[in-house]
Amino acid sequence: MITGGALDEFYEFPLGQTLRDATNLPVHVENDANAAAIAERWLGAARGVDDYICIVLGTGIGGGIVINGQVYRGAHGMAGEFGWNVTHTVDRTVPLEDLSLNFNAATVMGLVRRYNLSLKQARPDDVSVTDARVIIADAHAGDPVAAAIYSDFLDDVTVMLLNTYANYDPELILVGGGISANDQFMADLKARLNEFMQRHESLHRIEKRVLGKVAVAGLRNDAGLVGAVYPLL
């Protein structure tokens with residue numbers, strides 16, 4: 001392993017060899033979002049597509065980039081870390097603000113975390129929420145805290161999609177992760193994307209001509225598991 005994400009112990013750790021020695025089985029180590037992208041081309045929504053992006057909304061934000069039918073890994077295997085993008089103005093009043101923790105478009109670090117922070121201020125006696133489905137349902141039921149946080153979340157995910165269009169010109173952007181199984185979220189996201197697209201002069205000009213589409217990952221939250229099997233087959 002070159003890096004290990006949030007797990008410092010995995011940096012420079014020979015994970016594959018360690019597991020091979022312990023199990024006497026073949027082991028292949030793969031980034032989870034890359035595995036999801038591989039699975040989608042193998043058995044999912046990207047079959048027959050050569051240029052696409054798979055964005056996984058989970059605890060953070062993972063990304064699998066496929067160019068000319070091949071996973072693009074970058075010079076050090078770290079391509080696709082969309083959650084590391086800095087998309088908000090730096091707050092210079094915070095001396096040690098961590099710019100790398102810009103996971104506002106993530107499900108757990110973004111939607112759920114921000115909702116619970118707001119809930120603690122607005123209604124401190126309410127129990128914290130761990131399931132994004134509750135927040136989405138409450139937002140549509142008219143709860144003001146849920147509605148505000150959910151709307152901000154949709155904005156952040158949509159901005160990420162617009163930037164992905166501009167940077168990669170993919171034929172397809174697939175949205176995965178557990179939240180992608182929520183039909184209401186996908187409908188809301190597409191509506192927000194359509195709204196923002198109308199306001200983006202350059203992308204709107206080419207939208208009907210050449211712009212790729214956004215769709216839910218065909219294998220939903222199982223894509224990473226399925227894609228991890230593929231190299232061993």
Side-chain angles (χ1 to χ4, degrees), residues 4-7 31-37 39-40 44-45 52-65 80-88 98-122 126-141 143-164 172-193 195-196 214-228:
L7 303 177
N31 171 275
D32 57 348
N34 285 345
E40 289 297 326
Y52 64 96
I53 307 289
C54 188
I55 295 177
V56 181
L57 305 179
T59 304
I61 307 167
I65 304 168
E81 293 290 351
F82 296 127
W84 292 355
N85 285 321
V86 180
T87 58
H88 290 70
D98 187 350
L99 296 182
S100 70
L101 294 180
N102 188 48
F103 292 136
N104 288 333
T107 304
V108 177
M109 291 292 290
L111 175 62
V112 174
R113 178 183 63 85
R114 292 164 74 188
Y115 172 78
N116 285 323
L117 288 174
S118 295
L119 188 67
K120 189 175 181 180
Q121 291 183 337
D126 283 14
V127 177
S128 295
V129 171
T130 59
D131 192 333
R133 291 175 296 185
V134 175
I135 302 172
I136 296 171
D138 286 352
H140 278 273
D143 178 82
V145 176
I149 296 300
Y150 182 51
S151 182
D152 287 347
F153 173 67
L154 289 172
D155 284 352
D156 289 324
V157 177
T158 301
V159 167
M160 180 170 59
L161 295 179
L162 292 177
N163 288 336
T164 302
L172 183 65
I173 301 176
L174 296 176
V175 178
I179 197 170
S180 68
N182 188 297
D183 293 336
Q184 183 64 67
F185 165 70
M186 290 304 301
D188 293 339
L189 178 60
K190 289 181 178 180
R192 189 63 55 91
L193 179 61
E195 175 195 340
F196 277 30
V214 171
V216 65
L219 299 172
R220 302 291 176 111
N221 206 31
D222 291 333
L225 296 174
V226 174

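- Contact detail for I55 and T164: the closest heavy-atom pair is CD1-OG1, 3.9 Å.
- Remark: side-chain polar atoms of R192 are paired, donor with acceptor, to backbone N or O of S151 under 3.5 angstrom.
- Rounded to the nearest 0.5 Å, atoms CG (N182) and CD1 (I135) are 11.0 Å apart.
- In this structure, the separation between OH on Y150 and CG on D155 is 11.5 Å, given to the nearest 0.5 Å.
- What you find for A215 and L172 is that their closest heavy atoms are CB-CD1, 4.2 Å.
- Taking every heavy atom of both residues into account, T59 and M109 meet most closely at O-CG, 2.9 Å.
- In this structure, S118 contributes its side chain and Y115 its backbone to no donor-acceptor pair below 3.5 Å.
- For the side-chain contact (heavy atoms from CB on, under 4.5 Å) test with I149, the passing option among L111, L154, N116 is L111; the others fail.
- Within the 4.5 Å cutoff, no side-chain heavy atoms of V157 are placed close to those of V175.
- To the nearest 0.5 Å, atoms CG (D143) and CG (D138) are separated by 5.5 Å.
- For the pair V214 and K190, the tightest heavy-atom approach, listed with the atom from each and the gap, is O-CE, 3.6 Å.
- With Y52 contributing its side chain and A37 its backbone, the two residues share a donor-acceptor pair below 3.5 Å.
- Nearest heavy-atom pair across N34 and N31 is N-OD1, 3.0 Å.
- In this structure, I136 and I179 have side chains that are in contact, with non-hydrogen atoms separated by less than 4.5 Å.
- One N or O on the side chain of N221 and one on the backbone of G178 form a donor-acceptor pair closer than 3.5 Å.
- From I53, atom CD1 reaches atom CD1 of I173 across 7.0 Å, with rounding to the nearest 0.5 Å.
- Nearest heavy atoms, H140 versus D188: NE2-OD2, 2.7 Å.
- In this structure a side-chain-to-backbone donor-acceptor pair under 3.5 Å is present from N85 to F82.
- The shortest distance between side-chain heavy atoms of F185 and T107 does not fall below 4.5 Å.
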